[in-house]
Amino acid sequence: MDRKRYRKAAKVIMADILLAGVLLVSSLSACGTAMAINLEHGTTDKKITESMLANTPPADYENDKTIQGDARDGKYNEYFLKDSIQTVSIDIDENNLNYLLQNAGEKPTVMTKSVTIGDKTLGYTGLKTKGNYTLQHAVTDNPGSDRFSFTINFGKYIKKSNGFSKRQNFFGCHKISFNNFYFDKSMMKEYIAMKLMTEMGLPTPQYGLAKLYINQKYYGVYFMVEALDSSILEQYKGVDEEELSPYLTKPEESTLEYDTAMDRFMKKDGTFDLSSVLKQDSNGLYTASGELEKQSYFWEDDEETLQDVAEMMPTVLGWQRKLTLLSKGKDFQGNRIDVNSGEYLKLLEEIMDVDETVRYFATHSWLVQLDDMFVVLRNMGLYIGQDGKSMMLPWDYDLSFGCYYPSMSETAANMHIDLMYKDDRVAFSDQPRKKESLDYSSFPFFQVIYQNDSLMEKYHQYMKDCSKIAALGGKTTDGKTYEPCRFVSSITKIEDALIKAADEKLAGNVYYLNLTNQPADVKAALPNLKKIIALRALGVLLQVDEMDAVASGYGCNLETLGNAIQGMNSNRGRLAAIDESTGIYSVADYGGSRSDDSPSLQLREVESGELVYQKISKQMDAKTENMKIYTFMDTASANGDYTLYIPAGTKEFQNIQDIYSYDSEGTLKKLEVKKEEDRYCAVASSIDYLVFTGIGEKVKKSVSQPVTGRIVLVAAGIVLVAVAAVVMVIRRKKRMLKKI
């Protein structure tokens with residue numbers, strides 16, 4: 001290791017040590033402060049009981065008609081800000097608040113006095129804590145901090161059964177949740193995941209970021225997301241709530257594989273009679289018993305949810321049985337069927353929105369969110385209509401980009417495109433891509449897609465669409481064209497406001513959880529979030545296009561995003577690197593020595609005043625119109641040529657005419673440029689400097705110019721060259737020549 005590398009490594013190590021020290025001190029300080037104030041949750045030492053609550057709204061309260069609406073209109077979408085941060089204020093009786101905080105783990109619901117979102121205020125909404133694993137850890141591992149995740153239910157208390165004329169809503173939205181970023185130091189992983197789901201045409205909850213205040217005290221930045229409710233489908237399908245089935249749940253602790261024990265409730269026509277195990281009392285409340293009670297995951301093991309979906313249970317069981325039969329290569333009568341036949345696809349269309357389901361799983365896989373239905377049997381939304389057809393809805397993506405597993409940037413970037421669960425043998429894309437190495441036989445909702453060749457081809461194309469939409473740009477399968485680096489731009493637009501909001505002083509009973517130190521953590525995380533988005537886009541593209549290369553994770557520390565580790569990166573073999581700010585990527589062979597660095601690509605445009613620009617311009621002679629020069633900095637040295645891929649869809653590179661390489665020896669060489677799909681491709685032995693001509697606005701060809709016009713241009717060119725020469729002489733006297 002030379003001195004320069006040694007000093008660089010030493011700086012990195014010292015920075016890591018200092019950061020660890022800061023985190024340790026800040027977390028101990030926070031815990032110490034919390035313990036000094038109160039070991040209990042809440043703003044008081046007094047124990048609040050249920051009898052002390054104010055949970056009855058005034059009988060004369062009236063809904064603000066200007067805020068009531070129809071979800072189909074999408075008016076409430078405006079309040080989920082995409083490029084800035086919303087402000088949400090909750091005013092609540094102190095006893096109600098403290099009862100909620102003191103009993104947070106039990107998820108009680110209490111009434112607020114009012115909730116204000118932006119410039120709109122609603123009275124007497126329901127407020128509850130939410131979550132499972134993260135909620136329990138927020139309760140038990142973070143004494144003194146009440147920064148729980150919450151859900152606001154606008155119509156919990158203002159509804160017909162309580163004597164009001166109509167169930168209260170927020171422009172048609174019924175519930176909004178506020179997630180506390182327990183596992184997300186970047187505060188934007190779930191934002192990005194939902195953005196991709198939306199742009200892939202899926203029925204996605206509305207989302208955004210919010211600053212949350214409770215009784216005028218600041219609880220910090222939250223992820224604001226529409227709760228999994230009928231309003232999502234009303235808007236997506238463009239129908240009234242009455243036209244939808246009430247079956248929209250988040251099944252847990254099940255693979256959704258049909259239990260043949262339910263066969264005894266099936267009639268000859270294939271429908272189900274559950275009257276003996278699903279009974280309604282005199283008050284209209286349903287109770288499940290016997291074999292049906294064992295299927296309680298269908299209603300989230302929650303009695304209140306059972307009341308909502310009970311009448312749908314015969315349809316749901318019929319759907320589940322048909323789905324499982326198809327997943328085993330059988331028709332609805334149990335006869336063998338060719339899973340690649342038209343008959344199979346026709347039957348599948350009868351029980352699910354096939355294209356929507358394929359899009360969902362492709363996007364889910366792209367996001368590398370493995371805290372999911374394949375690993376822990378949770379975190380999915382399932383809708384089943386009156387017609388027995390299902391749809392999948394995205395939910396809970398705070399652990400996206402490998403921050404549940406595999407936890408390293410390179411592994412996350414190259415996660416096998418067909419892999420939905422933890423399997424060390426096939427996590428990397430350079431492992432054999434054989435169907436027999438993966439097993440989805442216990443997961444019928446994906447197996448029915450996985451076993452059909454045409455659906456998996458579509459699945460892979462949708463994954464490639466995700467890469468184009470998020471980072472690489474180009475035309476997707478639906479004919480839309482996207483600019484590269486769009487998601488990086490989205491983060492850039494909001495990051496200053498986010499950092500500022502994360503830096504604001506919190507209420508005395510609140511601190512960011514799970515050893516998070518804001519705003520330092522979000523500042524460190526966002527550059528790495530931008531990088532992992534680009535890396536995942538590249539890793540998926542390499543696999544779908546069957547390119548023999550692995551995306552290098554160097555330069556991306558996934559640990560900064562939370563719940564991950566920095567890990568090692570490849571420095572040998574055929575590796576690909578990408579510049580997240582332009583979407584340009586390279587593929588080359590590297591390494592041989594263990595001391596070699598891993599590749600990472602960064603671009604910088606060379607300014608016209610720089611000496612190297614002047615030298616190249618002189619060699620280019622008359623080819624400098626619409627010329628731009630970039631220096632390509634790679635942290636490693638390739639063995640041989642670089643293959644460069646430049647997005648063609650961007651305004652900056654859309655009209656490339658020629659590309660030249662310029663190396664440290666001063667050699668200028670014109671490269672052969674090919675147009676491949678949505679990208680330009682060029683092979684270069686050196687990427688020290690690349691010269692692009694014709695980029696930006698199209699160059700006017702000289703043959704179309706009048707002779708007099710050409711004379712004027714030539715004369716002007718001579719003057720410019722003379723001026724440039726004078727400038728170069730002056731600058732040479734003012735500074736030392738750089739070795740190029």
Side-chain angles (χ1 to χ4, degrees), residues 22-23 26-34 37-38 41-43 79-81 84-92 94 97-98 100-101 104 112 115-118 127-131 134-135 137-139 141-152 176-192 194 207-225 396 398-399 491 494-526 529 560-563:
V22 169
L23 289 174
S26 62
S27 61
L28 289 174
S29 174
C31 291
T33 302
I37 296 172
N38 187 4
H41 289 286
T43 63
Y79 290 83
F80 292 84
L81 307 180
S84 58
I85 302 177
Q86 185 59 276
T87 297
V88 178
S89 299
I90 298 172
D91 187 20
I92 184 172
E94 281 291 334
L97 175 61
N98 278 294
L100 177 69
L101 299 177
T112 70
V115 169
T116 301
I117 301 173
L127 180 68
K128 65 177 292 186
T129 50
K130 68 173 290 286
T134 55
L135 175 60
H137 281 274
V139 171
D141 298 344
N142 295 273
S145 180
D146 298 326
R147 199 181 132 78
F148 301 114
S149 294
F150 301 100
T151 295
I152 295 173
I176 295 179
S177 294
F178 296 86
N179 297 340
N180 64 4
F181 302 118
Y182 192 90
F183 286 125
D184 184 6
K185 293 180 179 181
S186 76
M187 297 184 170
M188 286 202 72
K189 281 188 302 201
E190 195 162 13
Y191 174 102
I192 290 297
M194 291 301 183
Y207 63 92
L209 299 176
K211 295 168 60 177
L212 182 63
Y213 294 84
I214 301 180
N215 289 348
Q216 293 79 53
K217 296 179 180 178
Y218 186 46
Y219 275 56
V221 184
Y222 278 78
F223 181 66
M224 175 180 171
V225 60
D396 203 349
D398 62 319
L399 288 168
I491 296 171
I494 201 172
E495 65 181 321
D496 287 344
L498 176 55
I499 291 169
K500 182 179 179 181
D503 193 28
E504 292 186 27
K505 185 177 180 181
L506 300 173
N509 61 311
V510 171
Y511 59 81
Y512 287 104
L513 307 179
N514 202 19
L515 301 181
T516 299
N517 178 33
Q518 296 296 7
D521 282 342
V522 74
K523 288 180 181 178
L526 291 180
L529 179 59
T560 62
L561 273 61
N563 203 50

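A quick note: this is a predicted structure, and the numbers were derived from the prediction, not measured.
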Undergrad: Find out whether Ile176 and Val88 are in side-chain contact, i.e. whether some heavy atom of one side chain is under 4.5 Å from a heavy atom of the other.
TA: no

Undergrad: Can you find a heavy atom in the side chain of His137 that is under 4.5 Å from one in the side chain of Thr134?
TA: no

Undergrad: For Tyr219 and Leu97, which heavy atoms make the closest approach, and how far apart are they?
TA: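 Taking every non-hydrogen atom into account, OH-CD2, 4.2 Å.
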
Undergrad: Using distance alone, with no hydrogens and no angle criterion, decide if Ser186 and Asp184 have a side-chain donor and acceptor under 3.5 Å apart.
TA: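 Asp184 and Ser186 do have a side-chain donor-acceptor pair below 3.5 Å.
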
Undergrad: Could you check Leu209 against Leu498 for side-chain contact (heavy atoms from CB on, under 4.5 Å), going step by step and ending with a plain yes or no?
TA: CA-CA 8 Å; Leu209 299 176; Leu498 176 55; 4.1 Å; yes

Undergrad: In sequence, state the C-alpha distance, the side-chain angles, and the governing distance for Tyr79 and Gln86, and then conclude on side-chain contact (heavy atoms from CB on, under 4.5 Å).
TA: CA-CA 7 Å; Tyr79 290 83; Gln86 185 59 276; 3.9 Å; yes

Undergrad: Asp503 side chain to Ile499 main-chain N or O, any donor-acceptor pair under 3.5 Å?
TA: no

Undergrad: Rounded to the nearest 0.5 Å, how far does CZ of Phe223 lie from CG of Asn179?
TA: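 That separation rounds to 7.0 Å.
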
Undergrad: Taking all heavy atoms of Leu81 and all of Ser84, pick out the closest pair and write down the distance.
TA: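 For Leu81 and Ser84, the tightest heavy-atom pair comes out as CD1-OG, 3.4 Å.
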
Undergrad: Quick one: does Lys185's side chain have a donor or acceptor within less than 3.5 Å of a partner on Ala524's backbone?
TA: no

Undergrad: Assess the residue pair Phe181 and Arg147 against the criterion (side-chain contact (heavy atoms from CB on, under 4.5 Å)); give the C-alpha distance rounded to whole Å, side-chain angles, the decisive distance to 0.1 Å, and a yes or no.
TA: CA-CA 10 Å; Phe181 302 118; Arg147 199 181 132 78; 3.6 Å; yes

Undergrad: Roughly how far, to the nearest 0.5 Å, is CG of Leu506 from OH of Tyr511?
TA: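 Going from the OH atom of Tyr511 to the CG atom of Leu506 covers 11.5 Å.
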
Undergrad: Any donor and acceptor pair, going by atom type alone, linking the side chain of Asn215 with main-chain N or O of Ile92 inside 3.5 Å?
TA: yes

Undergrad: Is the shortest heavy-atom distance from the side chain of Leu127 to the side chain of Val115 under 4.5 Å?
TA: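 Side chain of Leu127 against side chain of Val115, heavy atoms only: no contact under 4.5 Å found.
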
Undergrad: Does Thr43 offer a backbone N or O that forms a donor-acceptor pair with the side chain of Asn98 under 3.5 Å?
TA: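 Yes: the side chain of Asn98 pairs with the backbone of Thr43.
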
Undergrad: Output the distance between atom CD1 (Ile85) and atom CD1 (Ile494), rounded to the nearest 0.5 Å.
TA: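 Reported to 0.5 Å precision, the distance equals 5.0 Å.
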
Undergrad: Is the backbone N or O of Lys130 less than 3.5 Å from a side-chain atom of Ser149, with the two atoms forming a donor-acceptor pair by type?
TA: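 The answer is no, because no donor-acceptor pair under 3.5 Å joins these two groups.
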
Undergrad: Is the closest side-chain heavy-atom distance between Leu212 and Phe150 below 4.5 Å?
TA: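 Leu212 reaches Phe150 side chain to side chain.
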
Undergrad: Would you check if Thr112 and Ile152 make a side-chain contact, meaning some heavy-atom pair closer than 4.5 Å?
TA: no

Undergrad: Let me see the working for Tyr182 and Asn563 under side-chain contact (heavy atoms from CB on, under 4.5 Å), right down to the final yes or no.
TA: CA-CA 9 Å; Tyr182 192 90; Asn563 203 50; over 6 Å; no

Undergrad: Students often mix this up, so state it plainly: with edges at 30° and 60°, are the rings of Tyr213 and Tyr218 parallel, tilted or perpendicular?
TA: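 Tyr213 vs Tyr218 ring planes: tilted.
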
Undergrad: Give me the atom names and distance for the closest heavy-atom approach of Asp521 to Asn517.
TA: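 Nearest pair, atom of Asp521 first, then Asn517: OD2-N, 2.6 Å.
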
Undergrad: Checking side-chain polar atoms at under 3.5 Å, does Tyr512 have a donor or acceptor matched by the opposite partner on Asn180?
TA: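 Distance-only check fails for Tyr512 and Asn180.
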
Undergrad: Return the CG to CE distance between Leu561 and Met188, rounded to the nearest 0.5 Å.
TA: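 With rounding to 0.5 Å, CG (Leu561) is 11.5 Å from CE (Met188).
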
Undergrad: Once rounded to the nearest 0.5 Å, what's the spacing between atom CG of Leu513 and atom CZ of Phe183?
TA: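 Here the interatomic distance stands at 10.5 Å.
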
Undergrad: Are the side chain of Lys189 and the backbone N or O of Asp398 linked by a donor-acceptor pair below 3.5 Å?
TA: yes

Undergrad: Distance from Asn509 atom CG to Ile214 atom CD1, nearest 0.5 Å?
TA: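 Reported value, rounded in 0.5 Å steps: 8.5 Å.
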
Undergrad: Is the backbone N or O of Glu504 less than 3.5 Å from a side-chain atom of Gln518, with the two atoms forming a donor-acceptor pair by type?
TA: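 No; judged by distance alone, with no hydrogens or angles, the pair does not exist.
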
Undergrad: Are the side chain of His41 and the backbone of Ser145 linked by a donor-acceptor contact shorter than 3.5 Å?
TA: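 Indeed, once roles are kept as given, a pair shorter than 3.5 Å links the two residues.
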
Undergrad: Which class fits the ring pair Phe178 and Tyr222: parallel under 30°, tilted 30 to 60°, perpendicular over 60°?
TA: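 Ring orientation, 0 to 90° scale: perpendicular.
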
